[in-house]
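All remarks here apply to the structure that follows.
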Amino acid sequence: MTVYRCDDSLESIFTAIYLSYEENRDAEDTYLALDDNPMLFAEDVRIQTDPARAVKVMRTLERRFGEDDYLKICTALASTDSEKAQAVYRTVVKGLDERCARGHLFDNLADRYVMQTFSIARKAGREIGYLREFLRFQELENGILYARIGPKCNALTFLMPHFADRLPIENFVIYDSIRNIFGIHPARQQWYLFFGEDEEEPELRFSEDEMQYQELFRHFCRTISIKERENKKLQRNLLPLRFREYMIEF
């Protein structure tokens, strides 16, 4: 048994997949792990992330499986599931071995690893969908739009292109407070990620208009509510409590 010890990143896991083929490993005797828990009688291989190799895997997966299935793989790898690396690895191996047609990688849900990858991707995708709806931008004194999130999965790389497409002429920042990562979009330019070094969120000063609109929005939400028809259980189903910390109306 060979165990590839990966970092919790797409690039590291793709590097491990590349090495497994380069070293002609048997998939049945290969395991991709995200932790350092020892496995008896196993050869440990610590993965050094190689961007060039990772890009080759990215291009191969998108070419062979199609854009939609490649996106599902990336979504699965954005989750916090501890078994995602092995599930994706075995799903990729199966798809390549069986020469799976583009767009049909996840057809065989009877396969344990295909089903596991599909489920992980669906769960992470659901949270990303929530964030697209619940994310709130606030205007700073300098005119930059700022939003703060605290997602379970690593959703920032999925949110940035979504909002860059809708706010192309705006300077905006989305801050992942869990991972201390900033998604930065300069107006009319390409967005990028910045990994913060400080543990604390920078001090923010909102514009006067922003403070007024926040109060108006909260007043609007209170005004349209009907006390006699409050349904807390339904509210929690439609809007999980963990998102409310980052929404100005709460």
Side-chain angles (χ1 to χ4, degrees), residues 7-12 49 51 58 71 74-80 121 123-225 230 232 234-250:
D7 296 328
D8 189 1
S9 70
L10 180 145
E11 293 82 2
S12 180
T49 301
M58 294 175 191
L71 183 60
C74 294
T75 304
L77 294 180
S79 77
T80 55
K123 183 177 180 181
R126 188 180 299 117
E127 180 174 31
I128 293 168
Y130 275 138
L131 288 166
R132 286 171 180 160
E133 299 174 12
F134 301 148
L135 183 142
R136 298 290 186 262
F137 282 106
Q138 300 167 277
E139 185 183 57
L140 304 181
E141 283 184 337
N142 55 12
I144 293 175
L145 301 181
Y146 179 87
R148 179 172 171 264
I149 59 174
K152 291 181 180 179
C153 69
N154 192 358
L156 202 52
T157 52
F158 298 90
L159 296 176
M160 288 302 297
H162 174 82
F163 287 103
D165 182 58
R166 286 153 180 79
L167 302 169
I169 63 173
E170 300 289 349
N171 295 303
F172 70 81
V173 175
I174 302 177
Y175 173 57
D176 184 340
S177 60
I178 302 297
R179 297 163 185 82
N180 202 20
I181 304 175
F182 296 83
I184 301 175
H185 177 267
R188 298 182 178 86
Q189 297 182 41
Q190 181 63 41
W191 62 271
Y192 60 93
L193 299 180
F194 176 79
F195 294 82
E197 297 180 356
D198 298 327
E199 295 183 1
E200 295 184 0
E201 184 179 9
E203 183 180 353
L204 303 174
R205 294 183 179 180
F206 300 113
S207 67
E208 291 185 9
D209 286 346
E210 172 64 28
M211 300 305 294
Q212 291 178 6
Y213 277 113
Q214 285 188 22
E215 183 54 40
L216 286 172
F217 188 35
R218 284 190 286 265
H219 179 70
F220 169 76
C221 292
R222 290 193 299 267
T223 302
I224 64 172
S225 66
E230 282 188 358
K232 297 295 186 182
L234 179 60
Q235 289 178 13
R236 289 193 295 271
N237 288 337
L238 297 176
L239 177 54
L241 294 175
R242 62 191 179 88
F243 292 102
R244 300 187 186 188
E245 177 185 351
Y246 307 97
M247 300 174 67
I248 58 176
E249 57 265 48
F250 292 99

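Not measured: the values here are computed from a predicted model.
Summarising the local packing, CD of E208 is surrounded by 12 or fewer heavy atoms from other residues, nucleotides or ligands at distances under 6.0 Å. For R205, the CZ atom counts as loosely surrounded, since its 6.0 Å shell holds 12 or fewer non-hydrogen atoms of other residues, nucleotides or ligands. Open room surrounds NE2 on H219; 12 or fewer heavy atoms of other groups in view lie less than 6.0 Å from it.
Of all heavy-atom pairs spanning C221 and E249, the tightest one is SG-CB, 3.9 Å. When all heavy atoms of D176 and P151 are compared, the closest pair comes out as OD1-CD, 3.6 Å. The shortest heavy-atom contact between A164 and W191 is CB-CD1, 4.0 Å. Looking at every heavy atom in both residues, C153 comes nearest to I128 through SG-CG1, 4.0 Å. M247 and F134 get closest at one heavy-atom pair: CG-O, 3.6 Å. Taking each heavy atom of E127 and K152 in turn, the nearest pair found is OE2-N, 2.8 Å.
Using cut-offs of 30° and 60° for the angle between ring planes, the F163 and F172 rings count as perpendicular.
To the nearest 0.5 Å, atom CD1 of residue I181 and atom CD1 of residue I174 are 12.5 Å apart. In this structure, the separation between CD on E141 and CG on L204 is 10.5 Å, given to the nearest 0.5 Å. Distance check: L238 CG to Y130 OH gives 7.5 Å after rounding to the nearest 0.5 Å. A distance of 15.0 Å separates CD of E139 from OH of Y146, quoted to the nearest 0.5 Å. With rounding to the nearest 0.5 Å, the separation of CD1 in I178 from CG in N154 is 11.5 Å.
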Between R244 and Q235, does a side-chain contact (heavy atoms from CB on, under 4.5 Å) hold up when you go through it step by step?
CA-CA 11 Å; R244 300 187 186 188; Q235 289 178 13; 3.7 Å; yes

Test side-chain contact (heavy atoms from CB on, under 4.5 Å) on L167 and F137 and set out the steps.
CA-CA 11 Å; L167 302 169; F137 282 106; 3.8 Å; yes

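At least one donor-acceptor pair closer than 3.5 Å links the side chain of T75 to the backbone N or O of L71. Remark: the backbone N or O of G196 is paired with a side-chain donor or acceptor of N180 at under 3.5 angstrom. For the pair N142 (side chain) and I144 (backbone), a donor-acceptor distance under 3.5 Å is present. Under the 3.5 Å distance criterion, the side-chain polar atoms of R148 are left unmatched by any main-chain donor or acceptor of R136.
The closest side-chain donor-acceptor pair between T49 and E11, if any, does not fall under 3.5 angstrom. For E210 and Q214, the side-chain atoms include at least one donor-acceptor pair closer than 3.5 Å.
For the pair L10 and M58, the minimum side-chain heavy-atom distance is below 4.5 Å. The closest side-chain heavy-atom distance from I248 to Q138 is below 4.5 Å. Taking the side chain as every heavy atom from C-beta outward, L159 and I149 approach each other to under 4.5 Å. Side-chain contact check for F250 versus L239: some heavy-atom pair is nearer than 4.5 Å. Here the side chains of F182 and L193 are not in contact, with every heavy-atom distance at 4.5 Å or above. With contacts defined as side-chain heavy-atom distances shorter than 4.5 Å, the pair D209/Q212 qualifies.
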